[in-house]
Amino acid sequence: MTTWADVQEKIRHPGSRVLAEWRERRVIEAAERAAVGKTNALLRQYAGAEFNRLTSDWTATSTSADSEIIGSLRALRDRSRQLIRDNETAKNAQRIVWQNVIGPGIGLQAQVKGADGKLIKAINDDIEGEWCEWAMPETCHVAGLLGFADIEAWAWSQIFEAGEAIIRIVRQPFGGSRIPLGLELIEADRLMDQWQTARAPNGNLIRMGVEMDNWGRAVAYWFHPGHPGDYAFRSFEPAKFIRIPASDIIHLYQVERWPQTRGVPMLHATIRRLRDMAGYSEAEIVAARASANIVGFIKSEAGDEPEYRKREIDSAPGTFKQLLPGEDFVGFNPSRPNAALEPFMRFMLRSVAAGVGISYESLSKDFSQSNYSSSRLSLLEDRVMYRILQGWTIRKLRLRLHLEFMDAAVLSGVLSIDDYYTRRRVYTKARFKPRGWSWIDPQKEVNAYKMAVRGGFTTRAEVIAETGSGLDFEDVAQGLSDENALLLDLGLVVDTDPSQVNDKGAEQPQAGQTGDKKESE
């Protein structure tokens, strides 16, 4: 009699057909589940990450920001500079950015307040006066050529063109200044960048010329003693370079990925398109000139001349030319200039403007393709970007330099503040005044600002900061006070004096006038 134990023993036998079939089914089922899982994973994949015949030529690598920059920085910088030298669109884009971000310069208003919370006018005036005196070219620039507003403009021109600007703080007086502070401007080319990795004598890692600690904080900068284009280096030798501590360097560049040690030109996304535009424009001009050189062709009947003879006929306005017997004239009607050139170049220019981050209307100065509302919207969006860049400039450049200026001015005795080092935060408070922009539609916007101020949605100071081109509320208020005082001394009344007339032109009641009238009654 066969028991259940005998059956199980038979199944467990290594040569059992039942066991072999069971194993085969398990393998097939596992393969099917794996295929289904893989299919489901592919179905859940992002369309932008698919690999198929349509994306087989799309090469993308998982590299860090510095790995991408090290192999491209010099070529990007050189090509960007060449375009700005020779291409009017690239030059105009650079000019638009620095003029809107910096303009006439970012002003300074000291904000030192007393215990009562009110501004201390005497100290603030001294700080602002010494700053204006130091900011002259002879005293703030080590070479004595650039005022501080020029240095700000240079910095943004370099950020646009080379991707970064480097300013060295030199703690000694220049040009007879009493304040031991000067600024040296250094081109990004001089910052050592030909080695992916190098080690400083102290063991710190040097990434493209920037010596860093373990946290990625800049410790020092390594510079070529001259322009690296003058000679080539074969290996890294510290003695051949200049090491400047990071405390003496202001390195301005925009970080798009972290960690990122160096900056890239703002034209990096549009360099190829700008070159294509220049090449296409040149090809059209060459084709048009070649076409203009040919007026027509002279066709002869076969057999009229025993051998080929080249002949050219000069032409002039108002003349008739007689052809030889058997000859006929065929005119040449070239298709140049190309009618599609203008819309195609507008399309390309829009792409360039988008890559830089400004509007097509600003870059091209062409407002024929838009109405008032769309043009106004474009300008307002541009100004949002410029305000962001202004704030970035204040944080990265002006705040740090203001602290350096205050320390140097107090240390040298130019500013006499006894408790400066115990209350440094109080005395270094300041408001920076970037440029503003005029109204697009003055009547509508003035009324809108007036209603916003009266409704409590904004303040006079904010309105003036946005539209005053570097002025602030205190400047405007003081100017109005001085102006009205002068008019009062001269016995003049104008309808812009709110103390004399209202906005309808009616005379305002003077202080005490109502009370005197009641007493007389």
Partners meeting side-chain contact (heavy atoms from CB on, under 4.5 Å) with Ala461 (sequence neighbours left out): Thr459, Phe473
Quiz question: by atom type and distance under 3.5 Å, do the side chains of Glu256 and Gln254 form a donor-acceptor pair? no
Between Asp407 and Tyr420, does a side chain to side chain donor-acceptor pair (under 3.5 Å) hold up when you go through it step by step? CA-CA 9 Å; Asp407 290 347; Tyr420 173 78; 2.6 Å; yes
Not counting sequence neighbours, which residues clear side-chain contact (heavy atoms from CB on, under 4.5 Å) with Tyr421? List them please. Val410, Leu411
Does Ser359 reach the main-chain N or O of Ser362 with its side chain, forming a donor-acceptor pair under 3.5 Å? yes
Test your reading of the model: is there a side-chain donor-acceptor pair from Thr139 to the backbone of Trp134, 3.5 Å cut-off? yes
Determine, using ring centers only, whether Trp98 and Phe160 are less than 6.0 Å apart. no
Leu403 and Arg424: side chain to side chain contact (heavy atoms under 4.5 Å, CB included), yes or no, with the steps? CA-CA 9 Å; Leu403 297 178; Arg424 186 170 180 261; 3.7 Å; yes
From Asp116 CG over to Lys118 NZ, what is the distance, rounded to the nearest 0.5 angstrom? 6.0 Å
Can you tell if the side chain of Arg398 reaches within under 4.5 Å of the side chain of Leu108, non-hydrogen atoms only? yes
Can you find a heavy atom in the side chain of Leu183 that is under 4.5 Å from one in the side chain of Leu401? yes
Donor-acceptor pair, distance only, cut-off 3.5 Å: does the side chain of Tyr253 make one with the backbone of Gln260? yes
If we ignore hydrogens and angles and just use 3.5 Å, is the side chain of Ser157 paired with the main-chain N or O of Ala153 as donor and acceptor? yes
side-chain contact (heavy atoms from CB on, under 4.5 Å) filter on Ala110, not counting sequence neighbours, yields Asn124, Ile127, Glu128
